[in-house]
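To start, the structure under review is shown below, and the notes come after it.
Please read these numbers as outputs of a predicted model, since none were measured by experiment. Throughout, residue positions are numbered sequentially from 1 according to the sequence presented.
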Amino acid sequence: ALVQGGVTGLLIETMGVKREIIAAGRAAENVRMPYIVSLYCKGDGSRLVSGELVTDTVRELMNLRHPPSAIGANCGSIEVVTGTLRAMRGIEKELPRIVYSQGYKPPDEGQSDPDWVWPEGATDPQILGARWQDLGAGIIGGCCGTTPETIRQIRELRDGQRQLVV
């Protein structure tokens, strides 16, 4: 039904459990459609929210008959998604990387009315985008808490030598 409806690709995003990620990849294979996987991680970014290693998950995805067209991280703090990009650097088969973090610092535990702000030291989206590019990200965007101004500043990173999609 997806193909007949004109869908040409899938974004499998905010995935935090390895078996679900692999199942989604296999489903995309079955409909013979290109797909992108975006991981949902925790801590230093090296583990999915389920606790499984990012590297193990990505390696298993790479062993599918049709691996994803790109892989990355979303729905985490700036620090977490940056850590996920770092964790993926050593994978033997490189894929294009994507990243789109939350633009705010998550509330402290137990806060009912959070005041979400950009974390200290991450207030310049161009510095952040450049760091992500250096970690291999070619598709950079924003999740909750980012603004059109944030995306405009990240987009200015395009320099003609590296292709960046925002």
Does a side-chain heavy-atom distance below 4.5 Å link [X] with [Y]?
X	Y	result
W132	V81	yes
M62	L95	yes
T55	I91	yes
V58	L39	yes
K42	V80	no

Would you name the heavy atoms of [X] and [Y] that are closest together and state the gap between them?
X	Y	answer
A137	V99	CB-CG1, 3.8 Å
S46	A87	CA-CB, 4.0 Å
P96	S69	CD-O, 3.2 Å

When rounded to the nearest 0.5 angstrom, what is the spacing between [atom1] in [X] and [atom2] in [Y]?
X	Y	atom1	atom2	value
M15	L61	CE	CG	9.5 Å
I78	C143	CD1	SG	11.5 Å
I21	E52	CD1	CD	7.5 Å
S38	I98	OG	CD1	4.0 Å
N74	T14	CG	OG1	3.5 Å
Y35	L11	OH	CG	12.5 Å

Look only at the side chain of S101 and the backbone of S77, and say whether a donor-acceptor pair between them is shorter than 3.5 Å.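 Between the backbone of S77 and the side chain of S101 there is no qualifying donor-acceptor contact (under 3.5 Å).
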
Does M88 offer a backbone N or O that forms a donor-acceptor pair with the side chain of R97 under 3.5 Å? yes

L64 reachable from M33 in the ILVMFWY side-chain graph, under 4.5 Å edges: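 Yes, one cluster joins them.
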
Look at the side-chain heavy atoms of Ile, Leu, Val, Met, Phe, Trp and Tyr, link any pair under 4.5 Å apart, and say whether V17 and I22 land in one connected group.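 In one cluster with V17: I22, no.
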
Can you tell me if E13 and Y40 form a side-chain donor-acceptor pair at under 3.5 Å? no

I need the full list of salt bridge (charged side-chain N to carboxylate O under 4.0 Å, His left out) pairs touching residues 17-41, with sequence neighbours left out, sorted by first then second residue.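 As it turns out, the salt bridge (charged side-chain N to carboxylate O under 4.0 Å, His left out) pairs with a partner in residues 17-41, which skip direct neighbours, are K18-E60.
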
